[in-house]
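See below for the structure under consideration.
Being a predicted model, the structure only gives us computed values, none of them experimental. Values below: every heavy atom of this structure, side chains too, minus hydrogens, waters and symmetry copies.
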Amino acid sequence: ALPISTMKACEEYFNQLPSIDDWPSAYLPIESRGGNVSRVLALGMLPGTMHHPPWTDPVCVDYGDPPSPLHAFDHLIGIQYRDRLSFLPEPQMKPILTGMLDPDAPLQEVGQRIRTAFEEAIERGDESDFWILFNLAGLFFRVIGNPYHAIECLRRALHYSPYATKDVALVQLANVLRRVGHMTDAAQVAHAALAVHAYEPLTHFTLATIYAAKGRRDDGVVHATYCVAVAPDFRLARRLAHALICSEVFSDEEKRRHAQLRADLRKRQSEEGKEPTGRPEFACTMSKCEIPRSAVTKT
């Protein structure tokens, strides 16, 4: 149960959250499905050593076989027109990606490691790690804000992933589609991830944010409260559940006013060169959200 004790508490939950466009993205760790990222990225190099610049991005269309259109969700509009999409970079995902190698490693070094790992695997004739590499490359392009290349990588990740690991790529793809505004496509992909692992909290959280954005409050509440039930420490899911429940008591005019206030604040802070407080830097992995202390209040 998620009791809301007072109207004031409900308004606080409603006001504390960013607009739905600013909700954090999610990433399902490859390690949770048995992948060994550290081994793949090590490349036999000594710890602390790096490639010599210039670094080259891991462009996925250079590697592997073209994926099956059916299995790569090419029937979805957001996938069909992937070359026309744009979204902002996801810097909150950078520590997740660089932390797989070295928290202090430059992002470009991680990208070059992924590319070198592809080339070495091709030389060996070994595609067993391709599902890992394509997922890593997809995350790399999410971080730098290139949805076209992110989708190309994730289409190939689906092609090479064993069935039990496909939800890693599906959760990533659903979050990319959500961020570019293709909510119906995002929901379809996220439900495909649930078909792989029905009880994964992070997939339910992704669906909760998608349904909240679509205005399907009841469906959003179902998925958010499921997250809280199976992962009680998933604070952001708890906040989303509260916000959706509380939204029932606010009029449409109040909702528009709150949204306009948040938009005006973000615009003013952007003009002043400040990090918008309406877009706190946090990211979710598995049932955990990395949230800066300044962005969290007691529940």
So if you build clusters from Ile, Leu, Val, Met, Phe, Trp, Tyr with side-chain heavy-atom gaps below 4.5 Å, do [X] and [Y] land together?
X: Leu133; Y: Val143; value: yes
X: Tyr226; Y: Ile245; value: no
X: Ile144; Y: Leu97; value: yes
X: Leu154; Y: Leu28; value: no
X: Phe87; Y: Leu85; value: yes

Closest heavy-atom pair and its distance - [X], [Y]:
X: Leu244; Y: Gly220; value: CD1-C, 3.5 Å
X: Ala190; Y: Ile210; value: CB-CD1, 4.3 Å
X: Trp131; Y: Arg33; value: CH2-O, 4.2 Å
X: Cys60; Y: Ala137; value: SG-CB, 3.4 Å
X: Ala150; Y: Phe141; value: N-CB, 3.6 Å
X: Asp185; Y: Gly78; value: OD2-N, 2.7 Å

Test item: [X] and [Y] side chains (from C-beta on) under 4.5 Å apart, heavy atoms:
X: Arg115; Y: Phe118; answer: no
X: His223; Y: Thr206; answer: no
X: Val110; Y: Met100; answer: no
X: Glu152; Y: Val59; answer: no
X: Thr165; Y: Asn135; answer: no
X: Met183; Y: Arg216; answer: no
X: Leu177; Y: Leu173; answer: yes
X: Asn146; Y: Asp57; answer: no

TODO: Evaluate the side chain to side chain contact (heavy atoms under 4.5 Å, CB included) criterion for residues Arg155 and Asp74: first the C-alpha distance (whole Å), next the side-chain angles of each, then the deciding distance (0.1 Å), finally the verdict.
DONE: CA-CA 9 Å; Arg155 290 174 69 240; Asp74 284 5; 2.7 Å; yes
TODO: Under the side chain to side chain contact (heavy atoms under 4.5 Å, CB included) rule, what do Val189 and Val176 come out as? Steps first, then yes or no, please.
DONE: CA-CA 10 Å; Val189 173; Val176 170; over 6 Å; no
Gap separating the [atom1] atom of [X] from the [atom2] atom of [Y], nearest 0.5 angstrom:
X: Ser32; Y: Tyr27; atom1: OG; atom2: OH; value: 8.0 Å
X: Asp167; Y: Leu202; atom1: CG; atom2: CG; value: 9.5 Å
X: Arg179; Y: Arg142; atom1: CZ; atom2: CZ; value: 7.5 Å
X: His71; Y: His159; atom1: NE2; atom2: NE2; value: 10.0 Å
X: Phe73; Y: Ile151; atom1: CZ; atom2: CD1; value: 12.5 Å
X: His51; Y: Leu43; atom1: NE2; atom2: CG; value: 6.0 Å

Open item on the list: What verdict does the side chain to side chain contact (heavy atoms under 4.5 Å, CB included) test give for Leu76 and His182, after you've listed the backbone C-alpha separation in whole Å, the side-chain angles of each residue and the deciding distance to 0.1 Å?
Closed with: CA-CA 9 Å; Leu76 301 180; His182 286 272; over 6 Å; no
Open item on the list: Which residue in the set Gln112, Gln108, Glu109 passes side-chain hydrogen bond (donor to acceptor under 3.5 Å, both in side chains) when paired with Trp55?
Closed with: Glu109
Open item on the list: Tell me whether His204 contacts the main-chain N or O of Ala198 through its side chain, where contact means a donor paired with an acceptor under 3.5 Å.
Closed with: yes
TODO: With sequence neighbours excluded, tell me which residues meet ring pair (Phe, Tyr, Trp, His ring centres under 6.0 Å) with Tyr160.
DONE: Phe130, Phe134
Open item on the list: Pairing donors with acceptors under 3.5 angstrom, does anything connect the side chains of Thr116 and Glu120?
Closed with: no
Open item on the list: side chain to side chain contact (heavy atoms under 4.5 Å, CB included), that's the test. Do Asn175 and Gln172 meet it? Break it down for me.
Closed with: CA-CA 5 Å; Asn175 277 274; Gln172 287 212 74; 5.9 Å; no
